[in-house]
Trainee: 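Structure below; questions to follow.
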Amino acid sequence: MVTKERAREILEQIIALYPDAQTILKYRNNFELLIAVMLSAQTTDMAVNKVTKKLFERFPDPASFAVSSPEEIEPYIQSIGLYRNKAKYIYTCSNQLIKNFGGKVPSNRKDLESLAGIGRKTANVVLSVGFNIPAFPVDTHVSRVCKHHGIVPPDATPLEIEKIVTDILPADLWKQAHHALIFFGRNICTPRNPKCGEYLI
DNA sequence: AACTCGGGGCA
DNA sequence: TGCCCAGAGTT
(Lines give C-alpha, C1' and ligand atoms only; values in the text may rest on other atoms or scores of the structure.)
Protein backbone atom coordinates (compact mmCIF):
# COMPACT_ATOMS: atom_id res chain seq x y z
CA MET A 1 0.00 0.00 0.00
CA VAL A 2 1.27 3.47 -0.88
CA THR A 3 0.52 6.68 1.02
CA LYS A 4 -2.51 8.76 0.12
CA GLU A 5 -0.20 11.41 -1.34
CA ARG A 6 1.59 8.85 -3.52
CA ALA A 7 -1.75 7.37 -4.58
CA ARG A 8 -2.88 10.83 -5.67
CA GLU A 9 0.35 11.26 -7.68
CA ILE A 10 -0.15 7.96 -9.48
CA LEU A 11 -3.78 8.71 -10.30
CA GLU A 12 -2.91 12.19 -11.55
CA GLN A 13 -0.19 10.76 -13.79
CA ILE A 14 -2.62 8.24 -15.26
CA ILE A 15 -5.22 11.00 -15.81
CA ALA A 16 -2.58 13.12 -17.56
CA LEU A 17 -1.90 10.30 -20.02
CA TYR A 18 -5.43 10.53 -21.44
CA PRO A 19 -6.49 14.20 -21.70
CA ASP A 20 -9.21 13.37 -24.24
CA ALA A 21 -10.30 9.99 -22.92
CA GLN A 22 -13.91 9.08 -23.64
CA THR A 23 -15.76 5.84 -23.20
CA ILE A 24 -14.87 3.20 -25.77
CA LEU A 25 -18.49 2.16 -26.10
CA LYS A 26 -20.46 3.61 -29.01
CA TYR A 27 -23.80 5.24 -28.22
CA ARG A 28 -25.96 8.15 -29.38
CA ASN A 29 -27.93 8.95 -26.25
CA ASN A 30 -28.28 7.99 -22.60
CA PHE A 31 -30.57 5.07 -23.35
CA GLU A 32 -28.08 3.54 -25.74
CA LEU A 33 -25.34 4.24 -23.20
CA LEU A 34 -27.33 2.47 -20.51
CA ILE A 35 -27.86 -0.62 -22.68
CA ALA A 36 -24.29 -0.64 -24.05
CA VAL A 37 -22.80 -0.52 -20.56
CA MET A 38 -25.16 -3.19 -19.31
CA LEU A 39 -24.18 -5.43 -22.23
CA SER A 40 -20.49 -4.94 -21.46
CA ALA A 41 -20.67 -7.07 -18.31
CA GLN A 42 -18.11 -9.89 -18.42
CA THR A 43 -17.11 -9.21 -22.02
CA THR A 44 -15.02 -6.71 -23.98
CA ASP A 45 -15.92 -3.29 -25.38
CA MET A 46 -15.02 -4.53 -28.87
CA ALA A 47 -17.52 -7.37 -28.63
CA VAL A 48 -20.27 -4.97 -27.55
CA ASN A 49 -19.48 -2.43 -30.27
CA LYS A 50 -19.89 -5.19 -32.84
CA VAL A 51 -23.55 -5.77 -31.97
CA THR A 52 -24.88 -2.34 -30.98
CA LYS A 53 -25.30 -0.96 -34.51
CA LYS A 54 -27.73 -3.64 -35.69
CA LEU A 55 -29.34 -3.88 -32.25
CA PHE A 56 -30.27 -0.19 -32.09
CA GLU A 57 -31.17 -0.17 -35.77
CA ARG A 58 -33.83 -2.77 -35.01
CA PHE A 59 -34.70 -1.38 -31.53
CA PRO A 60 -34.09 2.40 -31.55
CA ASP A 61 -35.75 3.22 -28.21
CA PRO A 62 -37.22 1.72 -24.98
CA ALA A 63 -40.66 1.42 -26.59
CA SER A 64 -39.26 -0.78 -29.38
CA PHE A 65 -37.77 -3.19 -26.86
CA ALA A 66 -40.83 -3.04 -24.60
CA VAL A 67 -43.21 -4.35 -27.29
CA SER A 68 -40.67 -6.99 -28.30
CA SER A 69 -39.62 -10.08 -26.31
CA PRO A 70 -36.39 -11.49 -24.85
CA GLU A 71 -36.44 -14.24 -27.48
CA GLU A 72 -36.60 -11.65 -30.26
CA ILE A 73 -33.69 -9.69 -28.78
CA GLU A 74 -31.40 -12.67 -28.17
CA PRO A 75 -30.14 -13.19 -31.76
CA TYR A 76 -28.83 -9.62 -31.88
CA ILE A 77 -26.58 -10.09 -28.84
CA GLN A 78 -25.84 -13.80 -29.07
CA SER A 79 -22.15 -13.28 -29.88
CA ILE A 80 -21.30 -11.51 -26.64
CA GLY A 81 -22.17 -14.33 -24.22
CA LEU A 82 -24.56 -14.26 -21.24
CA TYR A 83 -27.09 -13.31 -23.90
CA ARG A 84 -30.17 -14.92 -22.34
CA ASN A 85 -29.78 -12.93 -19.14
CA LYS A 86 -28.96 -9.75 -20.99
CA ALA A 87 -31.93 -10.05 -23.38
CA LYS A 88 -34.23 -10.35 -20.36
CA TYR A 89 -32.54 -7.38 -18.70
CA ILE A 90 -33.02 -5.21 -21.81
CA TYR A 91 -36.66 -6.22 -22.16
CA THR A 92 -37.53 -5.75 -18.49
CA CYS A 93 -35.49 -2.58 -18.15
CA SER A 94 -37.19 -1.00 -21.18
CA ASN A 95 -40.63 -1.82 -19.78
CA GLN A 96 -39.62 -0.29 -16.44
CA LEU A 97 -38.45 2.85 -18.22
CA ILE A 98 -41.79 3.16 -20.02
CA LYS A 99 -43.91 2.38 -16.98
CA ASN A 100 -42.00 4.19 -14.23
CA PHE A 101 -39.96 6.93 -15.89
CA GLY A 102 -41.88 8.10 -18.95
CA GLY A 103 -39.50 6.29 -21.29
CA LYS A 104 -36.56 8.42 -20.19
CA VAL A 105 -33.36 7.36 -18.43
CA PRO A 106 -33.47 8.61 -14.80
CA SER A 107 -30.60 10.75 -13.55
CA ASN A 108 -30.24 9.55 -9.97
CA ARG A 109 -28.64 6.44 -8.55
CA LYS A 110 -31.69 5.12 -6.72
CA ASP A 111 -33.91 5.07 -9.81
CA LEU A 112 -31.13 3.74 -12.05
CA GLU A 113 -30.41 0.85 -9.70
CA SER A 114 -34.12 0.00 -9.62
CA LEU A 115 -33.83 -1.02 -13.29
CA ALA A 116 -33.26 -4.65 -14.33
CA GLY A 117 -29.62 -5.42 -15.07
CA ILE A 118 -28.38 -2.09 -13.72
CA GLY A 119 -26.15 -2.27 -10.65
CA ARG A 120 -23.97 0.30 -8.97
CA LYS A 121 -21.22 0.17 -11.60
CA THR A 122 -23.51 0.74 -14.59
CA ALA A 123 -25.48 3.39 -12.69
CA ASN A 124 -22.26 5.26 -11.98
CA VAL A 125 -21.27 5.19 -15.67
CA VAL A 126 -24.65 6.61 -16.73
CA LEU A 127 -24.46 9.30 -14.06
CA SER A 128 -20.91 10.39 -14.88
CA VAL A 129 -20.74 9.81 -18.65
CA GLY A 130 -24.39 10.37 -19.50
CA PHE A 131 -25.38 13.14 -17.11
CA ASN A 132 -22.00 14.57 -16.13
CA ILE A 133 -22.83 14.00 -12.46
CA PRO A 134 -19.81 13.12 -10.28
CA ALA A 135 -19.70 9.35 -9.80
CA PHE A 136 -16.91 6.78 -9.94
CA PRO A 137 -17.64 3.40 -11.57
CA VAL A 138 -15.41 0.54 -10.39
CA ASP A 139 -15.01 -2.29 -12.90
CA THR A 140 -12.34 -4.95 -13.35
CA HIS A 141 -9.93 -2.53 -15.04
CA VAL A 142 -10.22 0.09 -12.32
CA SER A 143 -9.98 -2.57 -9.64
CA ARG A 144 -6.90 -4.22 -11.16
CA VAL A 145 -5.04 -0.95 -11.76
CA CYS A 146 -5.69 0.35 -8.24
CA LYS A 147 -4.59 -2.92 -6.65
CA HIS A 148 -1.54 -3.29 -8.87
CA HIS A 149 -0.28 0.11 -7.75
CA GLY A 150 -1.13 -0.33 -4.07
CA ILE A 151 -3.75 2.41 -4.08
CA VAL A 152 -6.24 0.02 -2.45
CA PRO A 153 -5.79 -3.21 -0.44
CA PRO A 154 -5.49 -6.45 -2.48
CA ASP A 155 -8.84 -7.69 -1.16
CA ALA A 156 -10.77 -4.41 -1.49
CA THR A 157 -14.36 -4.67 -2.72
CA PRO A 158 -15.61 -2.41 -5.56
CA LEU A 159 -17.52 -0.26 -3.07
CA GLU A 160 -14.40 0.13 -0.92
CA ILE A 161 -12.35 1.08 -3.99
CA GLU A 162 -14.97 3.64 -4.97
CA LYS A 163 -14.79 5.17 -1.53
CA ILE A 164 -10.98 5.24 -1.37
CA VAL A 165 -10.46 6.78 -4.82
CA THR A 166 -13.20 9.37 -4.47
CA ASP A 167 -11.65 10.35 -1.15
CA ILE A 168 -8.23 10.83 -2.78
CA LEU A 169 -9.38 12.93 -5.75
CA PRO A 170 -11.62 16.03 -5.95
CA ALA A 171 -15.04 15.37 -7.46
CA ASP A 172 -14.28 17.23 -10.68
CA LEU A 173 -11.60 14.63 -11.47
CA TRP A 174 -13.70 11.51 -10.88
CA LYS A 175 -14.99 11.32 -14.44
CA GLN A 176 -11.53 11.82 -15.90
CA ALA A 177 -10.07 9.28 -13.48
CA HIS A 178 -12.68 6.74 -14.52
CA HIS A 179 -11.99 7.23 -18.23
CA ALA A 180 -8.24 7.25 -17.76
CA LEU A 181 -8.13 4.13 -15.60
CA ILE A 182 -10.20 2.24 -18.17
CA PHE A 183 -7.79 3.15 -20.98
CA PHE A 184 -4.71 2.59 -18.83
CA GLY A 185 -6.02 -0.78 -17.72
CA ARG A 186 -6.86 -1.87 -21.25
CA ASN A 187 -3.68 -0.72 -22.94
CA ILE A 188 -0.89 -0.63 -20.35
CA CYS A 189 -1.72 -2.03 -16.91
CA THR A 190 -3.02 -5.25 -18.47
CA PRO A 191 -3.78 -8.47 -16.55
CA ARG A 192 -0.75 -10.12 -18.13
CA ASN A 193 2.55 -8.42 -18.90
CA PRO A 194 1.73 -4.91 -17.63
CA LYS A 195 4.00 -2.08 -18.83
CA CYS A 196 3.20 0.56 -16.23
CA GLY A 197 6.89 1.30 -15.60
CA GLU A 198 7.26 2.80 -19.07
CA TYR A 199 4.56 5.38 -18.36
CA LEU A 200 4.58 6.16 -14.64
CA ILE A 201 7.26 7.77 -12.46
C1' DA B 1 -20.51 -15.70 0.32
C1' DA B 2 -20.97 -18.75 -3.44
C1' DC B 3 -23.09 -19.76 -7.74
C1' DT B 4 -24.72 -18.87 -12.50
C1' DC B 5 -24.75 -17.01 -16.94
C1' DG B 6 -21.53 -17.82 -22.03
C1' DG B 7 -19.49 -16.90 -26.73
C1' DG B 8 -15.29 -15.05 -28.49
C1' DG B 9 -10.37 -13.70 -28.30
C1' DC B 10 -5.93 -14.88 -27.28
C1' DA B 11 -1.83 -17.44 -25.50
C1' DT C 1 -7.29 -26.31 -24.91
C1' DG C 2 -7.71 -23.25 -20.95
C1' DC C 3 -8.30 -18.88 -19.14
C1' DC C 4 -10.27 -14.38 -19.03
C1' DC C 5 -13.44 -10.62 -20.22
C1' DA C 6 -16.62 -2.31 -18.94
C1' DG C 7 -21.40 -7.38 -13.67
C1' DA C 8 -25.69 -8.33 -11.86
C1' DG C 9 -29.21 -11.42 -9.99
C1' DT C 10 -30.40 -15.37 -7.33
C1' DT C 11 -29.93 -18.66 -3.60
Side-chain angles (χ1 to χ4, degrees), chain A residues 14-15 18 21-28 30-56 65 70-71 73-97 105-106 109-131 135-148 152-162 165-166 174-195:
Chain A
I14 294 174
I15 291 172
Y18 304 95
Q22 302 271 336
T23 176
I24 302 169
L25 295 165
K26 295 176 182 171
Y27 60 95
R28 292 175 294 189
N30 285 346
F31 174 67
E32 288 194 1
L33 172 66
L34 179 78
I35 300 301
V37 175
M38 188 192 69
L39 291 181
S40 69
Q42 294 298 104
T43 187
T44 63
D45 51 317
M46 294 92 74
V48 173
N49 283 335
K50 278 183 186 173
V51 307
T52 45
K53 181 176 168 60
K54 286 184 180 177
L55 178 68
F56 294 133
F65 284 116
E71 291 73 22
I73 299 169
E74 282 179 10
Y76 290 87
I77 61 173
Q78 191 270 345
S79 65
I80 67 175
L82 307 182
Y83 60 93
R84 293 189 186 92
N85 284 341
K86 290 174 179 177
K88 287 179 193 166
Y89 292 157
I90 295 175
Y91 174 75
T92 305
C93 174
S94 294
N95 276 285
Q96 287 175 297
L97 286 174
V105 178
R109 184 194 312 286
K110 178 173 164 291
D111 288 343
L112 284 169
E113 290 189 12
S114 76
L115 298 168
I118 310 302
R120 189 174 180 94
K121 182 259 176 177
T122 304
N124 279 354
V125 175
V126 173
L127 289 172
S128 65
V129 178
F131 291 102
F136 187 72
V138 177
D139 52 44
T140 54
H141 286 316
V142 173
S143 178
R144 183 182 64 258
V145 173
C146 289
K147 289 176 182 177
H148 186 264
V152 303
D155 59 345
T157 65
L159 198 58
E160 289 167 347
I161 297 173
E162 180 180 330
V165 174
T166 54
W174 295 355
K175 184 176 179 179
Q176 289 173 250
H178 157 225
H179 285 157
L181 285 166
I182 294 291
F183 279 71
F184 192 68
R186 256 208 74 77
N187 303 317
I188 298 169
C189 192
T190 48
R192 297 172 296 279
N193 208 5
K195 302 173 181 173

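Just so it is clear: chains get the letters A, B, ... in the order the sequence lines come, proteins before strands, and each one is counted from 1.
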Trainee: Report which part of the nucleic acid A:Lys88 touches: base, sugar-phosphate, or nothing (heavy-atom distance under 4.0 Å, all strands).
Mentor: nothing
Trainee: Would you check if the side chain of A:Gln96 reaches a backbone N or O of A:Ser114 as a donor-acceptor pair within less than 3.5 Å?
Mentor: yes
Trainee: Between C:dC4 atom P and A:Asn193 atom CG, what is the distance in whole Å?
Mentor: 16 Å
Trainee: For A:Leu112 and C:dA8, what is the distance between atoms CG and P respectively, to the nearest whole Å?
Mentor: 11 Å
Trainee: Taking CD1 from A:Ile80 and P from C:dG7, how many angstroms apart are they, rounded to a whole number?
Mentor: 12 Å
Trainee: Could you measure between the two P atoms, the one in C:dA8 and the one in B:dG8, and give it in whole Å?
Mentor: 23 Å
Trainee: Taking 5' to 3' order, which nucleotide of DNA chain B is first and which is last to have an atom within less than 4.0 Å of a heavy atom in chain A?
Mentor: B:dC5 to B:dG9
Trainee: Does some side-chain heavy atom of A:His178 sit less than 4.5 Å from a side-chain heavy atom of A:Asn124?
Mentor: no
Trainee: In whole angstroms, how far is the P atom of C:dG7 from the CG atom of A:Leu25?
Mentor: 10 Å
Trainee: For the pair made of NE2 in A:His141 and P in C:dC4, what is the distance, rounded to whole Å?
Mentor: 15 Å
Trainee: Of A:Arg192 and A:Lys86, whose nearest nucleotide on DNA chain B comes first from the 5' end?
Mentor: A:Lys86
Trainee: Begin with the C-alpha distance, continue with both residues' side-chain angles, and end with the deciding distance and a verdict on side chain to side chain contact (heavy atoms under 4.5 Å, CB included) for A:Leu34 and A:Asn30.
Mentor: CA-CA 6 Å; A:Leu34 179 78; A:Asn30 285 346; over 6 Å; no
Trainee: What is the separation between atom CD1 on A:Ile35 and atom C1' on C:dG7, rounded to the nearest whole Å?
Mentor: 14 Å
Trainee: Please state how far atom CZ in A:Arg186 lies from atom C1' in C:dC4, giving the value in whole angstrom units.
Mentor: 12 Å
Trainee: Indicate yes or no for a side-chain donor-acceptor contact from A:Asp139 to the backbone of A:Ile182 under 3.5 Å, with no hydrogens or angles considered.
Mentor: no
Trainee: Would you classify A:His178 as touching base, sugar-phosphate or nothing, given that sugar-phosphate means primed atoms plus P, OP1 and OP2, and contacts are heavy atoms under 4.0 Å?
Mentor: base
Trainee: Contact class for A:Leu115 (heavy atom, under 4.0 Å): base, sugar-phosphate, or nothing?
Mentor: sugar-phosphate
Trainee: Please give, in whole Å, the distance from C:dC4 C1' to A:Arg144 CZ?
Mentor: 10 Å
Trainee: Return the residues of residues 37-46 of chain A meeting this criterion: a heavy atom under 4.0 Å from some atom of DNA chain C. Order them by number, or give none.
Mentor: A:Ser40, A:Ala41, A:Gln42, A:Thr43
Trainee: Side chains of A:Ile90 and A:Met38: does their closest heavy-atom pair fall under 4.5 Å?
Mentor: yes
Trainee: Provide the closest heavy-atom pair for A:Ala47 versus A:Ile80 in the form atom of the first, atom of the second, distance.
Mentor: O-CG2, 3.6 Å
Trainee: Spell out, as yes or no, whether a donor-acceptor pair under 3.5 Å connects the side chain of A:Arg109 to the backbone of A:Ala123.
Mentor: no
